[in-house]
Amino acid sequence: MSNPSNPEPISIGVDVGGTKIASGVLRGDELLDAHVIPTPETGWETVLDAIAGEVRRLQDRHPDARLIGVGIPGPLNTDRTRVKFAPNIYGFTDVPLVDGLRDRLAQRVVLENDAKAAALAEAHLGAARGTESSIYVTVSTGIGAGIVLNGRIWRGRHGIAGEIGHITALPGGPVSGAGLDGALEAVASGTAIARDASFALNRDVSTAEAFQLAQQGHPAARRVVAQAIRHIGIALADLQKTIDPEVFVLGGGVASVGDFFFHGVQAAADEYAQGFASVTIRRAQLGTNAGVIGAALAARHG
């Protein structure tokens, strides 16, 4: 039972993705009133309208929830008021999200990159709880990451620390949504796996089917999936040698396929970090709620 003289912190988290907007209320460590709606596909103004509508709905039910955090898949400007671009959301380029939501809600909003929000959630309440340093990596439609040092997000000088989906994994390779050739998410994301498997099998193949076929021993599917997994493992090994975190936490839709993915990533990471350090990889614990929880935590941390 909460102490009225020392009430549990309460905040709203909104996690905006390419296909859905998830939201909820975090009271203490408990997520309440989680809800999902489709992401509008008619431009950023309608996306902000949808976010504001979800916040109003939650505040009608939880009037004491006045802290609001929003997670977005893409790099932000230095003071975290604008979204530079979100490649997987239609029309989301140079969006004044904080001002736009302030105009709609007349309330303060904290903006956070979605992977950084999930990293905060896993560090405080999930797989990295109790560690001093962790890197959360999400492998889904795209690839993102968040670095947590001593309980806080490490942003770097320009606020882009953790944008590993945009590091160059294969110079001259496929062009990513950000316009970079051979970026990690262009060769190893769920989108890339589905694209390459479809080409190799000469028909439409989903990411889930590509993994299923790979695990059944289909030669082309197995090669496509193995290449993507290897790219991810090498990226983790490079991060281990650069930042040397206590633990990596892997999440996202692709990571949810299970042992086949994790064992492959661990093997590649171990191979490329050999002689430098061991690479500890844990599975994300908070699942699809990580983004909402992290956005709500970001609202509290300011």
Side-chain angles (χ1 to χ4, degrees), residues 9-26 33 35-121 141-142 144 146 152-163 165-166 177-179 290-302:
I10 181 169
S11 51
I12 289 173
V14 183
D15 180 33
V16 184
T19 59
K20 66 182 186 299
I21 296 173
S23 61
V25 172
L26 189 68
D33 217 347
H35 188 243
V36 175
I37 61 171
T39 303
E41 298 180 354
T42 50
W44 65 264
E45 292 272 9
T46 54
V47 174
L48 266 57
D49 289 340
I51 295 170
E54 288 300 278
V55 170
R56 292 190 192 99
R57 181 188 66 81
L58 290 168
Q59 289 183 332
D60 285 345
R61 297 168 60 89
H62 306 271
D64 52 343
R66 311 309 296 176
L67 299 175
I68 305 164
V70 178
I72 292 284
L76 315 176
N77 67 339
T78 305
D79 60 3
R80 288 187 293 142
T81 59
R82 304 178 75 92
V83 182
K84 293 182 178 180
F85 61 89
N88 301 311
I89 304 178
Y90 176 79
F92 233 78
T93 301
D94 193 28
V95 176
L97 188 140
V98 168
D99 287 346
L101 289 179
R102 186 186 295 121
D103 291 344
R104 288 164 171 79
L105 296 166
Q107 297 173 66
R108 178 176 179 266
V109 173
V110 173
L111 176 60
E112 185 58 273
N113 167 268
D114 67 335
K116 290 180 173 63
L120 201 60
T141 304
R152 299 190 68 84
I153 292 291
W154 170 252
R155 302 185 187 281
R157 172 64 182 86
H158 302 97
I160 62 168
E163 289 288 350
H166 303 294
V292 173
I293 293 171
L297 288 171
R300 300 177 189 177
H301 288 247

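Under the 4.5 Å side-chain criterion, counting only non-hydrogen atoms from C-beta, Arg102 is not in contact with Val109. Looking only at side-chain heavy atoms (C-beta outward), Val16 and Asp114 stay at 4.5 Å or farther from each other. The side-chain heavy atoms of Ile72 and Phe92, taken from C-beta on, include a pair separated by under 4.5 Å. Looking only at side-chain heavy atoms (C-beta outward), Leu297 and Arg300 come within less than 4.5 Å of each other. By the 4.5 Å heavy-atom criterion applied to side chains, Thr81 and Asp99 are not counted as neighbours. Looking at Tyr90 and Pro40, their side chains never come closer than 4.5 Å, going by heavy atoms from C-beta outward. In this structure, Gln59 and Ile68 have side chains that are in contact, with non-hydrogen atoms separated by less than 4.5 Å.
Taking both residues in full, the closest heavy atoms of Gly17 and Pro73 are given as CA-CG, 4.4 Å, listed atom of the first, atom of the second, then distance. The shortest non-hydrogen separation linking Val292 to Gly24 is CG1-N, 3.5 Å. Taking each heavy atom of Asn113 and Leu76 in turn, the nearest pair found is N-CD1, 3.4 Å. Shown here for Lys116 and Ile153, the closest heavy-atom pair between the two residues is O-CD1, 3.2 Å. Scanning all heavy atoms of the two residues, the minimum distance from Pro96 to Arg82 falls at CB-NH1, 3.5 Å. For the pair Ala298 and Val110, the tightest heavy-atom approach, listed with the atom from each and the gap, is O-CG1, 3.6 Å.
A salt bridge is absent between Arg57 and Asp60: the closest approach of a Lys/Arg side-chain nitrogen to an acidic carboxylate oxygen does not fall below 4.0 angstrom.
Distance check, rounded to the nearest 0.5 Å: CG of Leu101 to CG of Asp49 gives 9.5 Å. Atoms CD and CZ, on Gln107 and Arg56 in that order, are 9.0 Å from each other to the nearest 0.5 Å. Separating the CH2 atom in Trp44 from the CG atom in Leu97 is a distance of 9.0 Å, to the nearest 0.5 Å. Taking OG of Ser23 as the reference point, atom CD1 of Ile51 lies at 10.0 Å (rounded to 0.5 Å). Lys84 contributes atom NZ, which lies 9.0 Å from atom CD of Glu163 (distance to the nearest 0.5 angstrom). With rounding to the nearest 0.5 angstrom, the CD atom of Glu54 is 4.0 Å from the CD1 atom of Ile37.
Without hydrogens or angle criteria, Arg80 side chain to Glu112 main chain gives no donor-acceptor distance under 3.5 Å.
For the pairing with Ile89, the side-chain contact (heavy atoms from CB on, under 4.5 Å) check across Ile21, Thr39, Val95 returns one residue only, Thr39.
For Glu41, the CD atom counts as loosely surrounded, since its 6.0 Å shell holds 12 or fewer non-hydrogen atoms of other residues, nucleotides or ligands.
Every pair passing salt bridge (Lys or Arg N to Asp or Glu O under 4.0 Å) that includes a residue from residues 62-74 is listed here, sequence neighbours excluded: Arg27-Asp64.
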